[in-house]
Colleague: 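I'd like to ask you about the structure that follows.
What you see is a predicted model; the values in this text were computed from it and never measured. Order of the sequence lines sets the chain letters (A, B, ...), proteins ahead of strands, with each chain counted from 1.
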There are 2 protein chains.
Amino acid sequence: MTLQPFNIGGLSRQTGVNIETIRYYEKIGLLPPPARSQGGFRQYEDRHLQRLRFIRRGRDLGFSIDSIRALLTLAERPDSPCEGADQMVLLHLDEVERKIADLTLLRAELRKMKNCCGRVVAQCQIIGSLVAPRE
Amino acid sequence: MTLQPFNIGGLSRQTGVNIETIRYYEKIGLLPPPARSQGGFRQYEDRHLQRLRFIRRGRDLGFSIDSIRALLTLAERPDSPCEGADQMVLLHLDEVERKIADLTLLRAELRKMKNCCGRVVAQCQIIGSLVAPRE
DNA sequence: CGTTGACTCTGTAGTGGCTCCAGGGTCCAT
DNA sequence: ATGGACCCTGGAGCCACTACAGAGTCAACG
Ligand SMILES: [Zn+2]
Ligand SMILES: [Zn+2]
Ligand SMILES: [Zn+2]
Ligand SMILES: [Zn+2]
């Protein structure tokens, strides 16, 4: 399964993660440092690809770096109980639901505001509602 | 209408804006520098209160500092046309709607994930879907 | 073997919008 | 005169990247 090791550019293309971001993940200890070529190029293997894909999915799901760190640690111990992961998903789901609720209120406010007759600042509803919000 | 000038703490209490944030707004030129007492304390007047409330409302509505800057500039010219403000609200509404859509997708993903039988990492759906997402 | 050009390296600084801190100074009521 | 609440400045830190500058490496082509 494991082919030749590949450079950072290859890893980037295979995961959709920016090269700078990959180096950043290494710096903060999220991605283990790979072997190096004679000239100092990073040489990645399959395990890096797997791990970075995991990270990427976690980020796409909106988990913080710290949460992903915890999930990775967990994933490395297949025999341990998975309550921790379950908790994290529930917490994060709460967070996301709260954000949706907040943004939905915001959207309602903005929709109320946008019905501006379109004339002059002095009569503008938008400016007006920033100066003193309507009930 | 205008009473005694008040200190930064008073302004903070009347607007709900953190003291550090008020100083930050002054530093970036969003709030004009007030007069100072002999000992160097900031002495705010009504106009600062008005302006900071405007800023606060804009932030609560999710506008960026730059947008608020533009809205304030506009608000100062009551005779100019208000198209700029209208545009900004529409753009921002778009942004908010996109964010809601993104988060709604996220929520669906997370809800799918959370049905974990609750045993061991090796069989955990959560870890599993991070390692390789289901279709 | 030499050159080209794509790729990679390190280190540092910047983004937005704050937030926190240390180490001092001020104000006013008692 | 003293205590305690308040305020000052300057700088660092937060998150998760992103964007350089200036140098070095690699592989293919001629
Ligand atoms: Zn979360
Ligand atoms: Zn208008
Ligand atoms: Zn916006
Ligand atoms: Zn589980």
Side-chain angles (χ1 to χ4, degrees), chain A residues 4-31 33-45 48 51-52 54-72 92 95-96 99 102 106, chain B residues 4-31 33-45 48 51-52 54-72 88 91-92 95-96 99 102 106:
Chain A
Q4 308 286 32
F6 36 92
N7 286 342
I8 200 167
L11 185 59
S12 173
R13 273 187 299 278
Q14 288 183 263
T15 54
V17 177
N18 209 316
I19 289 180
E20 324 269 55
T21 306
I22 294 174
R23 286 197 283 250
Y24 168 72
Y25 286 162
E26 182 180 328
K27 199 169 81 185
I28 64 171
L30 200 57
L31 197 60
R36 298 283 186 133
S37 75
Q38 295 230 322
F41 282 25
R42 288 173 179 82
Q43 295 184 301
Y44 291 102
E45 298 161 48
H48 296 102
R51 195 173 167 103
L52 187 52
F54 187 107
I55 295 167
R56 175 81 215 253
R57 287 188 196 110
R59 292 295 299 133
D60 283 352
L61 288 167
F63 287 101
S64 70
I65 297 282
D66 271 2
S67 299
I68 291 170
R69 218 186 281 274
L71 287 168
L72 277 165
H92 187 48
E95 236 176 85
V96 169
K99 265 186 207 161
D102 288 355
L106 218 66
Chain B
Q4 308 286 34
F6 36 92
N7 286 342
I8 199 167
L11 185 59
S12 174
R13 274 187 298 279
Q14 288 184 265
T15 55
V17 177
N18 208 316
I19 289 180
E20 323 270 52
T21 306
I22 295 173
R23 286 198 282 252
Y24 169 72
Y25 286 164
E26 181 181 327
K27 199 169 81 185
I28 64 171
L30 200 56
L31 197 61
R36 298 284 186 131
S37 75
Q38 295 228 321
F41 282 24
R42 288 174 179 82
Q43 296 184 301
Y44 292 101
E45 300 160 48
H48 296 102
R51 194 172 167 106
L52 187 53
F54 187 108
I55 294 168
R56 175 82 216 252
R57 287 188 195 110
R59 291 296 298 136
D60 283 351
L61 288 167
F63 287 101
S64 70
I65 298 281
D66 271 3
S67 299
I68 291 171
R69 218 186 279 275
L71 287 168
L72 277 166
M88 286 173 51
L91 276 176
H92 187 48
E95 237 176 85
V96 169
K99 265 186 206 160
D102 288 355
L106 218 65

Colleague: How is B/Ile19 classified with respect to the nucleic acid when contacts are heavy atoms under 4.0 Å: base, sugar-phosphate, or nothing?
Modeller: sugar-phosphate
Colleague: Of all nucleotides in DNA chain D with an atom under 4.0 Å from a non-hydrogen atom of chain A, which is the first and which the last going 5' to 3'?
Modeller: D/dA16 to D/dC26
Colleague: Distance check needed: C/dC7 C1' versus A/Leu11 CG, whole Å only.
Modeller: 15 Å
Colleague: With B/Arg59, which residues qualify under salt bridge (Lys or Arg N to Asp or Glu O under 4.0 Å), at least two apart?
Modeller: none
Colleague: At 4.0 Å (heavy atoms only), tell me whether A/Arg23 reaches a base, stays on the sugar-phosphate, or touches nothing.
Modeller: base
Colleague: Run the side-chain hydrogen bond (donor to acceptor under 3.5 Å, both in side chains) test against A/Glu26 and tell me which residues pass, sequence neighbours left out.
Modeller: A/Arg42
Colleague: Taking ring-ring contact (aromatic ring centres under 6.0 Å, His included) as the test, write out the residues that go with A/Tyr44, two or more places apart.
Modeller: A/His48
Colleague: With sequence neighbours left out, what residues match B/Arg13 under salt bridge (Lys or Arg N to Asp or Glu O under 4.0 Å)?
Modeller: none
Colleague: What are the atom names and distances for every N/O pair under 3.5 Å that joins the protein to nucleotides 23-28 of chain C?
Modeller:
unit_1, atom_1, unit_2, atom_2, d
C/dC27, OP1, B/Ser37, OG, 2.9
C/dC27, OP1, B/Gly39, N, 2.9

Colleague: What I'd like to find out is whether the side chain of A/Ile55 reaches to under 4.5 Å of the side chain of A/Thr15, using heavy atoms alone.
Modeller: no
Colleague: State which residues pass salt bridge (Lys or Arg N to Asp or Glu O under 4.0 Å) with B/Arg57; sequence neighbours excluded, sorted by chain then number.
Modeller: none
Colleague: Using whole Å, report how far CD1 of A/Ile8 lies from C1' of C/dA6.
Modeller: 15 Å
Colleague: Applying side-chain hydrogen bond (donor to acceptor under 3.5 Å, both in side chains), name anything that partners A/Asp60, two or more places apart in sequence or on another chain.
Modeller: A/Arg56
Colleague: With sequence neighbours excluded, tell me which residues meet ring-ring contact (aromatic ring centres under 6.0 Å, His included) with A/Tyr24.
Modeller: none
Colleague: Of all residues at least two apart in sequence or in a different chain, which pass the side-chain hydrogen bond (donor to acceptor under 3.5 Å, both in side chains) check with A/Ser12?
Modeller: none
Colleague: List for me each residue that meets side-chain hydrogen bond (donor to acceptor under 3.5 Å, both in side chains) alongside A/Glu95, sequence neighbours excluded, and say none if there are none.
Modeller: none
Colleague: Collect all protein-nucleotide pairs involving nucleotides 17-20 of chain C in which both atoms are nitrogen or oxygen and the distance is under 3.5 Å.
Modeller:
unit_1, atom_1, unit_2, atom_2, d
C/dG17, O3', B/Arg59, NH2, 3.4
C/dC18, OP2, B/Tyr25, OH, 2.8
C/dC18, OP2, B/Arg59, NE, 2.8
C/dT19, OP2, B/Thr21, OG1, 3.3

